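Numbered from 1 within each chain, the chains take letters A, B, ... in sequence-line order. The model shown is predicted, which means the values in this text are computed figures rather than measured ones. Values reported hereafter were calculated over all heavy atoms of this structure, with side chains retained and with hydrogens, waters and symmetry mates removed.
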Amino acid sequence: MIWLGIDTANIPLSVAIVKDGEILIEENTSMAINHSLRAMPAIDEVFQKTGIAPSDINAIAVSEGPGSYTGVRIGVTIAKTLAWTLNKPLIGVSSLKALAANALYFNGLLCPIIDARRNNVYAGAYRFENGKLTAIIEDGHFSLGELIGKLKSFKYPVLFIGKDTSLHKDQLIDELADHAVFAPIQFNLPRASSLIHAAQQFEEKVDIHNFVPEYRRIAEAEANWLKAQEKGNDHG
Amino acid sequence: MKKDLYILGIETSCDETAASVVKNGTEIVSNVVASQIKSQKRFGGVVPEIASRHHVEQITLVIEEALQIAKLQPKDLDAVAVTEGPGLVGALLIGINAAKAFAFANQLPIVGVHHIAGHIYANQLIQPMEFPMLALIVSGGHTELVLMKEHGLFELIGETRDDAAGEAYDKVARVLGLSYPGGPEIDRLATESDGEVEFPRAWLEPESYDFSFSGLKSSVINYKHNLEQRGEHVNPHHVAAGFQASVVDVLTTKTVRAAQEFNVKQVIAAGGVAANKQLRTSLEAKFKELNIPFYVPPISLCTDNAAMIAAAGSSMFESGIRGTLSMNGRPGMELVSWNK
């Protein structure tokens, strides 16, 4: 069983090939370089270096978001096009859940965080129980205050994962005191191997043509339009 | 005997998700377009983020349909041509990354095509191009006069200095309270009208082939505002007719002058606004008088489509042009000749 994993949901890029439960190659970078410049060349490289042909793979796992809208779309577009044209199953994994899968054995809440600007975050909270990742707080777009409020309602210590946690570390410590634990650097980048692991363990394949990113946020124009509709102020 | 050339074209530069297969650069084998117009209508124009979201929903479906209609497998293709720019960057990136992934998986070369080169080459799907040729490209994003002395050799002789013609149509339509897209609505009102308001023409410098439509747009807004201030009724038919007469007059006059100066053998119009009835009629009449062949592709090839990208891509492919897997969206891409 050969898996290709792709994550371009945020600034980091990760691409991996996992064969029969072993990571053959994984490329992780975290540089502010447009994914359109880097993603396909990185995919080409992992195939070249392993000598595996694209048609040899058995499944593709992709990070479905949330994150940068454009970033998520690049990975999803590449993954769905490859899966469709190679006729391979496609599995989408939450970009947050993939971060949680970096640190499965923590005995508490796993709280992956992706910064969404203006003191907002994309976040979720997971428990690793009976070999499974269970969402305790569903992935969503929260103000930091809102997220902290939710986390406080649980008795568990919280492991914050993701490179963006550093942006909010002071406030998290202020509010959660010694319940707040921070992941070491090597857990903070999304890893395509974790993504593949999560896809294998926890997810089902998707309908390729209808597969779209999980933005976890409605587009601004659409939100305004819906608001106008509610007011009965339809200038359509 | 030369082997037939099959190119898959992909276009996502604005609000149409399109894929097409073209044979030998001249023959449409399939041409699939998924339009977002219904969704974008809600916003009175194209919202880039919404456009990008729709492209992801449609992209593999339109490519699959284009191949199915063509009854071809990926291995039967010679290359993939995709719009590299100009356009909305987030929208371009969907087509580009789908094209790269498809080309990579099927070991095909990829060619990045300039959207305007595509509009010009749409003409080749109707009849052979003859040089020197003059192309008038008029759409929501472009107003350009391009001179071609041979295949793949472009000389930009005029362009808009502010709004594109189609953009002015949409803005004026909004002022008149017409629905999006405004072009066809204004064309309809103008055609039905029994009179017209006199609006200025922006000729710019006597020698210039450039265009300007923002002054005209402001004139329309001021005219409506002044009438309303005086409590008088604004006749949308007369405004539409006057606005369109100004646009058509300037576009026709400059195109005709350029055609004569450069002694061209063929004139073509392309882009969404080329579907405008009055513009088409005006250009046809003038060039008939001058005995210069003038063509406008059918509407389906004037508006954004992937067949035109495959047609231009075929010519580029045959000139040895190849893109790479690091191709990026280029929203401000310039039209560069590939045959120098």
Side-chain angles (χ1 to χ4, degrees), chain A residues 4 6 8 33-45 47-48 53-55 57 60 64-65 68-88 90 207-213 215 217-226 228-229 234-236, chain B residues 8 10 12 39-65 67 73-75 80 84 88-108 110 174 177 179-180 323-330:
Chain A
L4 171 68
I6 305 165
T8 65
I33 299 172
N34 187 313
H35 286 311
S36 195
L37 295 172
R38 292 273 298 107
M40 278 310 304
I43 291 167
D44 183 30
E45 201 177 305
F47 280 111
Q48 296 257 359
S55 56
I57 59 171
I60 298 173
E64 66 186 15
S68 142
Y69 293 161
T70 299
V72 174
R73 275 193 287 267
I74 288 174
V76 167
T77 300
I78 289 172
K80 80 189 260 196
T81 306
L82 288 177
W84 160 70
T85 193
L86 294 168
N87 197 20
K88 308 292 178 186
L90 176 65
D207 174 52
I208 294 168
H209 285 314
N210 294 317
F211 181 65
V212 289
Y215 298 104
R217 229 188 144 190
I218 193 164
E220 203 180 333
E222 198 140 31
N224 292 339
W225 180 79
L226 287 171
Q229 296 293 298
D234 182 9
H235 294 298
Chain B
L8 170 69
I10 297 174
T12 64
S39 169
Q40 301 284 4
K41 217 171 179 158
R42 294 177 296 168
F43 313 113
V46 177
V47 177
E49 174 59 23
I50 303 287
S52 305
R53 289 188 180 198
H54 285 308
H55 286 311
V56 184
E57 292 164 12
Q58 294 294 330
I59 190 69
T60 54
L61 284 166
V62 299
I63 300 173
E64 181 173 81
E65 196 179 335
L67 290 174
Q73 299 296 318
K75 63 170 171 45
V80 183
E84 188 175 358
L88 303 170
V89 66
L92 288 165
L93 285 172
I94 306 306
I96 289 170
N97 282 285
K100 290 194 292 187
F102 182 87
F104 169 75
N106 297 295
Q107 293 174 297
L108 293 168
I110 183 167
R174 217 172 298 158
S179 66
Y180 172 86
T324 69
L325 291 179
S326 61
M327 188 188 293
N328 201 357
R330 294 170 62 191

### Message
Counting only non-hydrogen atoms closer than 4.5 Å, does B/Leu67 touch chain A with its backbone (N, CA, C, O), its side chain (CB onward), both, or neither?
### Response
side chain

### Heavy-atom pair count under 4.5 Å with chain A, highest-scoring of B/Ser52, B/Ala105, B/Ser39
B/Ser52

### Message
For the interface with chain B, which of A/Ile43, A/Thr70, A/Leu82, A/Val76 has the highest count of heavy-atom pairs at distances below 4.5 Å?
### Response
A/Leu82

### Task
Check whether more than 12 heavy atoms from other residues, nucleotides or ligands sit under 6.0 Å from atom CG of A/Asp207, and answer yes or no.
yes

### Side chain / backbone / both / neither for B/Glu64 at chain A, heavy atoms under 4.5 Å
both

### Message
Nearest 0.5 Å, please: how far is OG1 in A/Thr77 from CD1 in B/Ile59?
### Response
7.5 Å

### Query
Heavy-atom distance under 4.5 Å to chain A: side chain of B/Leu61, backbone, both or neither?
both

### Task
Check whether B/Val47 gets within reach of chain A through its side chain, its backbone, both or neither, counting any heavy atom under 4.5 Å.
side chain

### Message
Parallel, tilted or perpendicular, judged at 30° and 60°: which one describes the rings of A/Phe47 and B/Phe104?
### Response
tilted

## Note on the structure
CD1 of B/Ile63 to NZ of A/Lys80, rounded to nearest 0.5 Å, is 10.0 Å

## Note on the structure
Residues at least two apart in sequence or cross-chain that pass side-chain hydrogen bond (donor to acceptor under 3.5 Å, both in side chains) with B/Thr60, listed by chain then number, are A/His209

### Message
A side-chain contact here means heavy atoms from C-beta on lying under 4.5 Å apart; do B/Leu93 and A/Ile74 qualify?
### Response
yes

### Query
Sequence neighbours excluded, which residues qualify as salt bridge (charged side-chain N to carboxylate O under 4.0 Å, His left out) partners of B/Glu57?
none

### Message
For A/Ile57, which atoms come within 4.5 Å of any heavy atom of chain B: side chain, backbone, both, or neither?
### Response
neither

#### Entry: Pairwise distance CE(B/Met327) to CE(A/Met40) - rounded to 0.5 angstrom
11.5 Å

### Query
How close do B/Ile50 and A/Glu222 get, heavy atom to heavy atom, and via which atoms?
CD1-OE1, 3.7 Å

### Message
Please evaluate residues A/Arg73 and B/Ile94 with respect to the criterion side-chain contact (heavy atoms from CB on, under 4.5 Å), reporting the C-alpha separation (whole Å), side-chain torsions for both, the decisive distance (0.1 Å), and the verdict.
### Response
CA-CA 7 Å; A/Arg73 275 193 287 267; B/Ile94 306 306; 3.7 Å; yes

### Task
Go through the atoms of A/Leu37 and report whether side chain, backbone, both or neither lie under 4.5 Å from a heavy atom of chain B.
both

### Query
Under a 4.5 Å heavy-atom cut-off, does chain B meet the side chain of A/Asp44, its backbone, both or neither?
both

### Message
Rounded at 0.5 Å granularity, tell me how far CG in A/Leu86 sits from CZ in B/Phe102.
### Response
10.0 Å

### Atom pair CG (B/Asn328) and CZ (A/Arg38), whose distance is rounded to the nearest 0.5 Å
12.5 Å

### Choice from A/Ala79, A/Ala42, A/Pro213, A/Ala221 maximising heavy atom contacts with chain B below 4.5 Å
A/Ala221

### Query
Out of curiosity, B/Arg53 CZ to A/Ile218 CD1, how far, rounded to the nearest 0.5 Å?
8.0 Å

### Summary
Most heavy-atom pairs under 4.5 Å with chain B, out of A/Ile78, A/Asn210, A/Asn224, belong to A/Ile78

### Task
Quick one: closest heavy-atom pair of B/Ala98 and A/Thr81, and the distance?
O-CG2, 3.3 Å

### Side chains of A/Ser36 and B/Lys100 in contact at under 4.5 Å (non-hydrogen atoms)
yes

### Task
Could you check which of A/Tyr69, A/Trp84, A/Phe211 has the highest count of heavy-atom pairs closer than 4.5 Å to chain B?
A/Trp84

